[in-house]
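Proteins come first, then strands; the chains are lettered A, B, ... in the order of their sequence lines, and each starts at number 1. Heavy atoms only: backbone and side chains are in, while hydrogens, waters and symmetry mates are out. Please read all numbers here as calculations on a predicted model, not as lab measurements.
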Amino acid sequence: MSRGGFACRIRSLAVDLFWHIYKKFAVAKAVNYNQALKSPRLWCGERNMSIPEFQEIIVPNDQTEARAEHLEKLRELVGNVYPNKFDRSTLSGGEDTITAIKNWEPVVAIETEMAAIKADLAPGERPPGEMKDAMNESLKALGTVRIAGRLTTTPRGNFVHLTDGISKLQIYCNKKGPLALIRNDAENMLDAENGWAMWQLVDHGDFIGAEGYLFVTNTGEVSVHVEKLQFLAKAMLPMPDKMHGIADPELQRRFRYADLIASTLQVEHDGLTTREVFERRAKLISGMRRFLDDDGFIEVETPMLTPKATGAAAKPFETHHNALDIPLYARVAPELYLKRLVVGGFEKVYELNRNFRNEGLSQRHNPEFTMLEFYVAYMDVNGMMDLAETMIKDAVVKANDGSLVVRYGENEIDFSTFRRISMLDAVMPSLVDAALEDERNSQLANDMPDGKEGLSFGIYNVRKGPNIVEVFEEKVESTLIQPTFIVNYPKSISPLSKASPENPNVAERFELFINGMEVANGFSELNDPKEQYERFVDQMSERERGDEEAMVLDEDYIRALSYGMPPAAGIGIGIDRLVMLLTNKHSIRDVILFPHMRPEKREGEKGSEGEAENGN
RNA sequence: GGGUCGAUAGCUCAGUCGGUAGAGCAGCGGACUCUUAAUCCGCGGGUCGCAGGUUCGAUCCCUGCUCGGCCUACCA
């Protein structure tokens, strides 16, 4: 087809030969996605010395070889195959992204008109030529458009779609007409001859830039008639399956970039695409920020590396600061820092950031998770529930296309009503049931070793907080589908909260449950330093008794409280879980872009036993 | 951690009651050049996750291992 073909063939033969030999002798077999993980390969020698070869990361196969060959040919044709930039036109007012073109008023007008014409046609019938010609005249008059994007289809024939990750726009190259290519050299020299040659070498997934004019095809789709092509970047690996996307959830999470590409390319899908999930997440978060900012809150960032892991009952990640030679802990909660700021005079303060807890992984737990925590001076727990309810509704409406109702699995969740039930009322039916069982009855009575004051009610006397909580968690929690604030918690499990004015044994604390999942909790903040100190001391003795999650005494926090903290209420909202509810996702890993995964293992690495006999 | 199910072509999957495997898409070659994931004809591509065992023979049966899904338990 072209000059230089011979040299090119020699080169590709040499490449072929190398890979052939490599495959035969180097045991390299794995390819992208699946194979990269599922068939362990021989790494060279000891683990700490091994620097993987490029071919071990992008393992050659017929797909990658074809693309590599195209890339070499493109290099001859266009020069630099990874140019630094491409300037898009600005016909639409701003930068002409594909989405901007698709939403540009004259384009929308033509598409609307064409849709109306097509509505009257039989399937397969084409719009009348004279209408099309009139449209084409007005489209061409709009001027020269320069767009860029990733090829979403195999370039077979003259048509291909480009995407900017959101929308798609079709482009058309005419073999018979003039088609130039823009070389990627310093002057961006025009090569009027070889546009079509370049067109033959682009692959599904490559990035290209195109310059031309808008027109309507015979089937009525607004497209770009390309006059000049510019190559922008190569996809060395094949694109994910366009029908199914990436099906394996592990691979979706591990190769999120490919999952996101797939969600743009994918033709059929149930529910939201991966991209839409994260767009919705972003809307929820920005909605909450806007709400709080508009309400006079100040956003702050407090330490993520802390000398003490406190503020929540949780096991921390531990690390070490070399210069100071001290242990540091990834924070389990920002709570105590934020309340120091309330002491310091921030009456409304929030932080939206990550917490880290060194505990199990599950559908609802990731080692790092995003929490929105905020505090309001002079407010109690009831005011906080009102505020939280208003804010969550506002954010849900913003993220959920204006609706307060979401479908979650089998359930329909309605955010328009938040019930409030005391823990005792919630637990009562279960306790009465339990009381009828003798075994259960005596067990409950015997399980109360120490003399903590209990709660007395009705037919039953429960002397220790955790028992109620246990029954609640076991029997009640999973039944709370619609948004429900559970209020009045036993004091013993809430070492940072104030007692209720009505009952000194009850903490002014709430937890918000939706779909059986704890989404938020908050309380009237304890601001008596002496009492706080005593609660910490209690926690410390729990700790000594083996409760690893009991809270650690924070002396500086006691000092801060001693400067005086106004009455205040605070709340922590689990953002990931809220996003799960709004996106109908049942695993937290589906709403975190890069959730924690086991590291990819390579054969030959230490850490897995049994490799001695596996040998090689 | 416990239970359970799974790993087959680059991708999505089928299949073999034990005789070394197929489809669609993707790739390559050719034809075509106004297509909406998928134009037509042809071709190449797999140590059926890894290691052992039973067997004349294992991708299939058994054991162990690795990795993962689901259910379950603890923290949000």
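Taking a 6.0 Å sphere around CE of A:M131, one finds it holds 12 or fewer heavy atoms contributed by other residues, nucleotides or ligands.
The CE atom of A:M239 sits 14 Å away from the P atom of B:A26 (whole-angstrom rounding). What separates NZ of A:K175 from P of B:C32 is a distance of 7 Å, to the nearest Å. B:A37 atom C1' lies 9 Å from atom NE2 of A:H204, rounded to whole Å. The interatomic distance linking A:N158 (CG) with B:C34 (C1') rounds to 8 Å, in whole Å. Rounded to an integer number of Å, the gap from CG of A:N174 to C1' of B:C34 is 10 Å. At whole-Å resolution of the value, CD in A:Q200 and C1' in B:G27 are 16 Å apart. Protein atom NE2 of A:H161 is 12 Å distant from nucleotide atom C1' of B:C34, rounded to whole Å. Atom NZ in A:K118 sits about 12 Å away from atom C1' in B:C34, given to the nearest Å.
Separating the C1' atom of B:G30 from that of B:G44 is a span of 15 Å, rounded to the nearest Å. Taking atom P in both B:G22 and B:C43, the straight-line distance is 14 Å, to the nearest Å. Taking the P atom of each, B:C50 and B:A37 are spaced 38 Å apart, rounded to whole Å. With C1' as the reference atom, B:C5 and B:G10 are 26 Å apart, rounded to whole Å. Comparing B:A7 with B:C11, their C1' atoms sit 15 Å apart, to the nearest whole Å. Rounded to a whole angstrom, the distance from the C1' atom of B:G6 to that of B:A14 is 16 Å. Comparing B:G24 with B:U20, their C1' atoms sit 24 Å apart, to the nearest whole Å. The separation of B:G64 from B:G2, taken at their P atoms, amounts to 14 Å, rounded to a whole angstrom.
Checked by atom type, the side-chain pair A:T302/A:R331 shows a donor-acceptor distance below 3.5 Å.
Using a 4.0 Å heavy-atom criterion, one finds that A:T152 contacts no nucleic acid atom at all. Within 4.0 Å of A:Q170, counting heavy atoms only, lies at least one base atom of the nucleic acid. Nucleic acid contact for A:A333: none, since no nucleic acid atom lies under 4.0 Å from a heavy atom of the residue.
Residues A:F215 and A:Y172 place their aromatic rings such that the two centres sit under 6.0 Å apart. The six-membered or imidazole ring of A:F513 lies near that of A:F472, with a centre-to-centre distance under 6.0 Å. Ring-centre distance between A:F418 and A:F485: below the 6.0 Å cut-off.
The nucleotide whose nearest atom lies closest to any side-chain atom of A:P238 is, among B:G10, B:C34, B:G69, B:G10. Of all nucleotides listed (B:C74, B:C71, B:U36), B:U36 comes nearest to the side chain of A:T217.
Under the 6.0 Å distance and 45° angle rule, A:R509 counts as a cation-pi partner of A:Y489.
For A:E373, the salt bridge (charged side-chain N to carboxylate O under 4.0 Å, His left out) criterion is met by no residue, not counting sequence neighbours. With sequence neighbours left out, the ring pair (Phe, Tyr, Trp, His ring centres under 6.0 Å) criterion links A:F374 to A:F297. Applying the salt bridge (charged side-chain N to carboxylate O under 4.0 Å, His left out) rule to A:R543 yields no partners; only residues at least two apart in sequence or on another chain are considered.
Between A:S587 and A:K315, the residue whose closest nucleotide on RNA chain B is further toward the 5' end is A:S587.
Between A:Y408 and A:H586, the ring planes lie parallel to each other; the angle is under 30°, not in the 30° to 60° tilted range.
Within residues 219-226 of chain A, the residues that place at least one heavy atom under 4.0 Å from RNA chain B are, in residue-number order, A:T219, A:E221.
Note: A:E111 CD to A:K118 NZ = 9.0 Å, rounded to the nearest 0.5 Å. Summarising the geometry, atom OG1 belonging to A:T99 is positioned 11.0 Å from atom CD1 belonging to A:I147; distances are rounded to the nearest 0.5 Å.
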Table of protein N/O atoms under 3.5 Å from nucleotides 41-44 of chain B N/O atoms:
{"unit_1": "B:G44", "atom_1": "N2", "unit_2": "A:D62", "atom_2": "OD2", "d": "2.7"}

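Side chain of A:S494 to backbone of A:S497: no donor-acceptor contact under 3.5 angstrom is found. The backbone N or O of A:A313 lies less than 3.5 Å from no partner atom in the side chain of A:R357, so there is not a single donor-acceptor pair.
Applying the 4.0 Å criterion to OP1 and OP2 of B:G69, one finds that A:R253 has a side-chain N or O inside that range. Between A:R364 and B:U72 there is no side-chain polar atom (N or O) within less than 4.0 angstrom of OP1 or OP2. Taking 4.0 angstrom as the limit, A:H70 places a side-chain polar atom (N or O) nearer than this to OP1 or OP2 of B:C28.
Pairing analysis of RNA chain B (Watson-Crick: purine N1 to pyrimidine N3 plus N6-O4 or O6-N4; G-U wobble: N1-O2 and O6-N3; both under 3.5 Å) yields stems of 3 or more pairs at B:1-7 with B:66-72, B:10-13 with B:22-25, B:27-31 with B:39-43, B:49-53 with B:61-65.
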